[in-house]
Amino acid sequence: MSYDPIAIETKWQQRWEERGTNVLSDEQLRTAERPFYNLMMFPYPSAEGLHVGNMYAFTGADIYGRWKRLLGETVFEPIGFDAFGIHSENFALRIGTHPMELIPRNVANFTRQLRRIGAMYDWNHTVDTTDPSYYRWTQWLFLQLFHAGLAEKKEAPVNWCPSCKTVLANEQVIAGACERCGTMVEQRTLSQWFFRITHYAQRLLDNLSWIDWSESTRKAQENWIGRSEGAEIRFTVASPWQATPHTAAADAVDRARAYHRAHPGAGEFEQHLEIPVFTTRPDTIFGATFLVLAPEHPVVGWITTDAQRAEVEAYRDRAATMDLVSRKKADKEKTGVFTGAYATNPANGAEIPIWIADYVLMEYGTGAIMAVPGHDERDFEFATQFGLDIRRVIAAPGESDLTPLEAAYVGEGTVVNSGEFDGTSTAAAPALMTRWLAARDAAEPRVNFRLHDWCISRQRYWGPPIPIIYCDACGTVPVPEHDLPVVLPQVDNYKPDESGVSPLARVEEWYRVPCPRCGGQARRESDVSDTFLDSAWYFLRYPSARRDDVPFDAAITQRWLPVNMYIGGEEHAVLHLLYSRFLTMVLKDLGHIDFEEPFTTFRKHGLLIKEGSKMSKSRGNVVIPDEYIERWGADTFRTYLMFLGPYQEGGDFRDQGLQGPYGLLKRLWDSIVPVAELGNEVIAPELERRLHRTIRKVTEDIAALRYNTAIAALMEYMNALREGGRAISRAEVEPLVPLVAPFAPHLAEELWEQLGHRDGIFTGSNWPAFDEDKARADTVEVAVQVNGRLRARLQLPLGASEAQAREAAQADENVCRFVGESAVRKVIYVPDRLLNLVVK
RNA sequence: GCGAAAGUGGCGGAACUGGUAGACGCGCGAGACUUAGGAUCUCGUGGGCGUGCCCGUGGGGGUUCGAGUCCCCCCUUUCGCACCA
């Protein structure tokens with residue numbers, strides 16, 4: 001009987017299904033004593049089907065889960081589908097099939113493929129984000145945030161493609177143009193729903209210090225949150241704003257007033273106009289020679305002089321229509337316009353000009369900066385271009401206040417040209433000067449974050465409707481929880497149009513609704529929510545997926561969460577993982593759960609390339625798992641994927657590479673089948689030693705996700721087993737079955753059965769224990785060096801003393817030759833490893 | 001520009017806190033069995049020559065008895081973020 005992977009795999013997939021091997025009962029969910037929640041990032045079910053990247057990710061996670069199970073833990077390993085979103089909708093539009101028809105078809109195909117790869121998914125606890133029984137709770141989540149004051153509606157700029165008539169995400173804008181039609185993208189301002197994730201910025205940052213995550217992922221989040229310490233400094237507008245109120249647009253004045261109300265530090269608007277700026281370098285305040293405001297800054301219309309008005313308006317119009325991506329290009333030439341107004345530098349009383357320029361962003365800090373061209377590269381470039389003053393206020397060691405600046409000096413040094421602060425070091429100056437400015441009521445210390453509030457509105461069709469109703473009498477009214485879900489209606493024409501309003505607004509019978517509060521005529525919010533909201537809480541839903549009366553069962557959640565191991569792609573290092581953390585914190589604060597970090601351990605997996613180059617449809621080198629599985633079997637394919645490189649770094653997929661892992665499985669089959677009927681025999685001492693070393697190595701490597709070296713160790717042992725062509729005993733080969741089981745679960749089950757075990761290998765604690773004593777050898781090879789160069793390798797008893805080692809070394813012919821007549825001046829001895837004789 | 005990671009045979013990749021570089025696999029070479037199969041098995045496989053020595057981990061310096069590993073400078077690649085004040 002030869003190894004027939006397809007037959008074995010079919011048999012065991014059927015068995016698992018019949019026996020419910022991978023399914024957790026309600027009882028287990030409620031009472032498991034050693035629960036282990038093993039999670040992988042759920043896929044977006046594309047029409048192309050499961051690709052090898054998905055399979056790589058899932059297999060690596062599955063191996064970990066199966067290993068935990070062999071250790072006797074109760075492992076919950078669910079899978080689901082992240083099927084809402086622009087991605088699916090655009091694809092549906094292109095091929096002309098409605099998403100409500102397309103998605104179930106894709107999900108069915110994915111399910112078939114996922115069953116075939118041999119992962120131990122619990123198919124009784126799946127999640128589909130497009131199912132009303134799921135998004136009902138996504139909407140519930142929105143309401144919790146709304147009631148907590150963490151959801152607010154405000155205006156924000158978006159990318160707009162005038163040809164596709166739709167809002168684009170930043171990732172869909174390539175070099176200023178729409179990725180699909182190539183039309184130049186514009187900026188539009190729409191009123192949208194935001195979650196106040198910025199309120200949690202500090203906590204999201206702080207917790208990074210203790211969660212067990214891949215280092216690169218933690219760093220990415222840290223950078224994304226972007227904490228900066230500095231000061232907010234207020235500059236008074238000196239002139240001539242009083243002279244021009246009649247020419248300012250009324251709404252600009254209103255917005256300026258509102259802005260000043262929101263920034264209490266900005267002073268009394270009617271008496272004197274103050275512009276607050278954020279800086280991380282308050283120690284350079286004496287070098288601030290002009291201010292720059294973002295073009296959309298609310299006070300611009302108010303301070304601009306008549307003489308400059310036309311030019312300023314033209315610049316603002318241009319900035320307003322430019323797309324958000326190309327505007328933020330750093331290598332673009334600096335542009336800007338003088339407003340005609342001046343502000344007073346609170347440090348030295350100097351009157352400095354106020355400019356507007358698009359290199360200053362409204363969404364960061366206060367939307368205005370004090371420009372210090374001497375010590376900021378961007379300001380230096382701007383000042384050089386427009387002939388503005390450049391002042392040195394920091395001197396590097398060896399420089400004086402008179403050394404000319406040829407470029408911005410951004411390093412450390414000593415304060416100069418700054419009155420009483422001259423001579424202070426840049427280490428001490430920021431705090432000192434902030435305090436000094438604060439005493440004059442012109443500044444206070446401030447911490448700023450790069451993180452922005454999370455815009456969850458999408459003016460599209462394929463998503464969960466945001467559960468809000470607008471009533472002329474009652475205003476913004478949340479949909480009562482008992483009215484959830486707000487079901488996404490079946491709409492034939494779901495294509496977005498010119499208006500920038502969601503297609504749902506065109507569905508009269510859905511859009512018009514009585515106000516839940518007063519019963520009067522009202523209308524629904526027609527935007528749907530971001531796909532990232534669906535995926536930000538799905539891990540909470542899985543264990544409770546069979547409950548339809550609550551989003552998550554309290555007792556089950558208590559037992560199973562937070563997730564013990566989460567494995568996924570680095571591409572979700574920020575958005576998905578950050579949003580999940582944020583929502584978990586919110587749910588904790590609202591008393592729904594008792595933990596605030598959703599994933600105790602997170603590990604990123606690497607990316608696969610094909611024969612040295614990136615896999616892509618255009619290259620035509622995308623690996624489709626189905627073909628390989630058909631030819632080699634899922635076990636070989638899984639094992640190969642894990643063998644081709646370190647899991648957390650990815651690797652190169654080469655067709656010929658499957659041969660090696662196939663050989664391992666085949667040889668395992670060939671050596672077990674003949675001994676299956678035999679009882680346990682005595683194991684050869686040398687093999688026993690190697691066996692226990694192999695058990696130790698495989699155990700440690702799997703725990704650390706070093707699957708490639710775990711497989712290599714199995715191969716090594718298999719080679720040793722076959723050495724010399726002698727007969728293999730059952731005791732020598734049987735332990736390999738559980739060791740290989742995480743990688744090749746079908747084969748392992750079959751062999752386990754043939755070895756006479758009645759229960760499946762994954763239903764008990766069948767992972768072999770390693771015995772340190774048995775792993776130990778009597779003798780070890782010790783390297784002998786003379787002057788650091790290898791001259792001999794000696795077999796010495798384990799734990800040999802230095803004297804013994806030296807004696808053995810001096811008896812070696814080659815060693816003698818190199819030592820010669822010289823005296824040994826120094827001896828370095830690392831027991832059981834190395835002896836180095838220094839004779840120089 | 002900032003951040004992260006990485007450069008090792010023909011190729012994918014091993015090498016724990018500095019201690020025998022190249023495990024394991026692919027490929028290749030030779031042989032066996034075969035009548036021609038993308039099968040299986042055995043042996044060999046970093047380079048060089050004087051066959052036990054020399055040279056070898058992107059390049060150049062350094063520390064050390066000893067460096068792929070640590071330090072400094074440079075080059076290259078990949079991946080994030082990118083005018084964040």
Side-chain angles (χ1 to χ4, degrees), chain A residues 2 214-220 222-224 226-228 230 277-281 284 292 325 327-332 334 357-361 363-372 375-379 381-382 448-452 570-571 573-574 606-607 609 611-612 614 631 640 643-646 648-664 666-667 670 700 706 708-719 722 725 781-794 814 817-818 825-830 833-840:
Chain A
S2 64
S214 289
E215 180 58 24
S216 57
T217 311
R218 276 205 310 234
K219 259 285 182 299
E222 194 183 311
N223 291 340
W224 187 265
R227 182 181 199 273
S228 307
V277 305
F278 173 72
T279 179
T280 53
R281 293 295 301 275
T284 61
V292 188
V325 175
R327 172 173 162 185
K328 291 188 187 179
K329 263 238 166 72
D331 50 6
K332 186 184 87 180
K334 298 266 181 298
D358 65 5
Y359 81 92
V360 175
L361 308 173
E363 64 265 26
Y364 185 76
T366 63
I369 61 156
M370 65 176 206
V372 185
H375 306 285
D376 180 280
E377 283 161 14
R378 297 150 302 178
D379 298 344
E381 191 189 331
F382 192 81
N448 237 312
F449 293 96
R450 231 192 64 131
L451 183 68
H452 295 153
E570 176 93 296
E571 69 273 20
V574 279
L607 294 178
I609 55 173
E611 320 268 341
K614 238 183 221 171
R631 171 155 172 221
Y640 173 59
F643 180 64
L644 56 72
Q648 294 180 81
E649 280 157 48
D652 195 357
F653 187 100
R654 304 172 75 248
D655 288 351
Q656 288 182 316
L658 284 119
Q659 196 64 242
Y662 179 80
L664 172 70
K666 183 191 175 299
R667 280 164 209 153
D670 289 343
E700 287 172 0
R706 291 191 301 255
N708 56 331
T709 48
I711 295 165
L714 291 170
M715 289 171 165
E716 229 173 313
Y717 181 71
M718 180 56 76
N719 290 343
R722 289 153 42 85
E781 191 180 74
V782 173
V784 180
Q785 299 180 335
V786 178
N787 290 335
R789 310 201 65 116
L790 183 69
R791 298 303 174 195
R793 299 162 200 237
L794 302 175
N814 208 36
R817 205 149 59 81
F818 281 91
R825 301 170 59 112
K826 191 173 176 186
V827 178
I828 285 106
Y829 182 57
V830 183
R833 289 219 76 134
L834 162 140
L835 177 74
N836 186 10
L837 306 172
V838 184
V839 298
K840 267 192 265 256

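The shown structure was predicted, so the numbers you read here are calculated from the model rather than taken from an experiment. Every chain is numbered from 1 and lettered A, B, ... according to where its sequence line falls, protein lines coming before strand lines.
Rounding to whole angstrom units, CD1 of residue A:Ile609 and C1' of B:rG7 are separated by 14 Å. The NZ-P distance, from A:Lys334 to B:rG1, rounds to 14 Å in whole Å. In this structure, CG of A:Leu607 is placed 15 Å from P of B:rA6, rounded to the nearest angstrom. Taking atom CG on A:Asp358 and atom C1' on B:rA85, their separation rounds to 15 Å, with Å as the unit. Across the protein-nucleic acid pair, A:Glu571 atom CD and B:rC81 atom C1' stand 16 Å apart, rounded to whole Å. Regarding A:Leu834, its CG atom lies at a distance of 16 Å from the P atom of B:rC16, rounded to whole Å. If you measure from atom OH of A:Tyr364 to atom P of B:rA82, you get 14 Å, rounded to the nearest angstrom. Atom pair A:Ile828:CD1 and B:rU20:P shows a separation of 14 Å (rounding to whole Å applied).
Contact check for A:Glu611 versus A:Asp655: side-chain heavy atoms found under the 4.5 Å cut-off. You'll find the side chain of A:Asp379 reaches within 4.5 Å of the side chain of A:Ile369, heavy atoms only. Looking at A:Met718 and A:Arg722, their side chains come closer than 4.5 Å, going by heavy atoms from C-beta outward.
A gap of 34 Å separates the C1' atoms of B:rG60 and B:rC24, to the nearest Å. Of the P atoms belonging to B:rU76 and B:rG27, the separation is 35 Å, rounded to the nearest Å. Rounded to whole Å, the C1' atom of B:rG58 lies 15 Å from the corresponding atom of B:rU78. For the P atoms, the distance linking B:rU40 with B:rC26 amounts to 10 Å, nearest Å. Rounded to the nearest Å, the gap between the P atom of B:rG1 and that of B:rC74 is 12 Å. Spacing of P atoms, B:rC75 relative to B:rG59, comes out at 15 Å, to the nearest Å. If you take atom P in B:rC73 and the same atom in B:rC2, they sit 13 Å apart, rounded to whole Å. Taking atom P on both nucleotides, B:rU45 is separated from B:rG10 by 16 Å, rounded to a whole Å.
Closest approach to the A:Leu790 side chain among B:rA21, B:rC24, B:rG19 is made by B:rA21 (side chain taken as heavy atoms from C-beta onward). Closest to the A:Ser228 side chain, of the nucleotides B:rC24, B:rG19, B:rA85, is B:rA85. Nearest to the side chain of A:Trp224, among B:rG3, B:rA82, B:rA85, sits B:rA82. Checking B:rU20, B:rC65, B:rC24 against the side-chain heavy atoms of A:Val838 singles out B:rC65 as nearest. Taking the side chain of A:Asn836 as heavy atoms from C-beta on, and the options B:rA85, B:rG19, B:rG25, the nearest nucleotide is B:rG19. When distances run from any side-chain atom of A:Arg631 to the nucleotides B:rA23, B:rC83, B:rG38, the shortest one goes to B:rG38. The A:Met715 side chain lies nearest to B:rC24 when the options are B:rC26, B:rC24, B:rU20.
Residue A:Asn448 is out of contact with every strand shown, counting any heavy-atom pair closer than 4.0 Å. Contacts of A:Asn814 with the nucleic acid, taken as non-hydrogen atoms under 4.0 Å apart, involve only primed sugar atoms and P, OP1 or OP2. Residue A:Glu377 is classed as having no contact, given no heavy-atom separation below 4.0 Å to the nucleic acid. Within the nucleic acid shown, A:Val360 comes within 4.0 Å of at least one base atom, counting heavy atoms only. Residue A:Phe818 is in sugar-phosphate contact alone, with no base atom involved, counting any heavy-atom pair closer than 4.0 Å across all strands shown. Looking at heavy-atom distances under 4.0 Å, A:Arg667 makes contact with sugar-phosphate atoms alone, never a base.
Between A:Lys666 and the phosphate of B:rA39, there is no side-chain N or O to OP1/OP2 separation shorter than 4.0 Å. Applying the 4.0 Å criterion to OP1 and OP2 of B:rG3, one finds that A:Lys219 has every side-chain N and O outside that range. Taking 4.0 angstrom as the limit, A:Arg450 places none of its side-chain polar atoms (N or O) nearer than this to OP1 or OP2 of B:rC81. Side-chain nitrogen and oxygen atoms of A:Asn223 include none within less than 4.0 Å of the OP1 or OP2 phosphate oxygen of B:rA82. Remark: A:Gln656 is not in phosphate contact with B:rC28, judged by side-chain N or O atoms under 4.0 Å from OP1 or OP2. Residue A:Arg791 places no side-chain N or O under 4.0 Å from the OP1 or OP2 atom of B:rU20. Between A:Arg654 and B:rG27 there is no side-chain N or O to OP1 or OP2 distance below 4.0 Å. Applying the 4.0 Å criterion to OP1 and OP2 of B:rG19, one finds that A:Arg789 has every side-chain N and O outside that range. The phosphate of B:rC79 (OP1 or OP2) has no side-chain N or O of A:Ser216 nearer than 4.0 angstrom.
Heavy-atom minimum distance, A:Val292 versus A:Ala371: CG2-CB, 4.2 Å. A:Leu790 approaches A:Ala783 most closely through the heavy-atom pair CD1-CB, 3.7 Å. Heavy-atom minimum distance, A:Thr284 versus A:Met370: OG1-CE, 3.7 Å. Here the closest non-hydrogen pair linking A:Pro661 and A:Gly657 is CD-O, 3.2 Å.
Taking the six-membered ring wherever Trp is involved, the centroid distance between the rings of A:Phe653 and A:Tyr640 falls below 6.0 Å.
Interface remark: the A:Gln785 side chain does not form any donor-acceptor pair with the B:rU20 base, using a distance-only criterion of under 3.5 Å.
Base orientation for B:rG29: anti, the chi torsion being more than 90° from 0.
Of the two residues contacting RNA chain B, namely A:Leu658 and A:Asp670, the nearest-nucleotide position lying further toward the 5' end is that of A:Leu658. Toward the 5' end of RNA chain B, the nearer of the two residues A:Tyr662 and A:Met370, judged by each one's closest nucleotide, is A:Tyr662.
Residues satisfying the side chain to side chain contact (heavy atoms under 4.5 Å, CB included) criterion with A:Val786, sequence neighbours excluded, are A:Arg791, A:Val815, A:Phe818, A:Val819, A:Val839.
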Sub-3.5 Å pairs of nitrogen or oxygen atoms, protein against nucleotides 13-15 of chain B:
{"unit_1": "B:rA14", "atom_1": "OP1", "unit_2": "A:Asn708", "atom_2": "ND2", "d": "3.1"}

Q: Quick one: the dot-bracket string of RNA chain B, using Watson-Crick and G-U wobble pairs with both distances under 3.5 Å, [ ] for crossing pairs and | for bases paired to another strand.
A: (((((((..(((......[....)))((((((.......))))))((((..))))..(((((..]....))))))))))))....
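The aromatic rings of A:Phe382 and A:Tyr359 lie tilted to each other, with the angle between the two planes from 30° to 60°.
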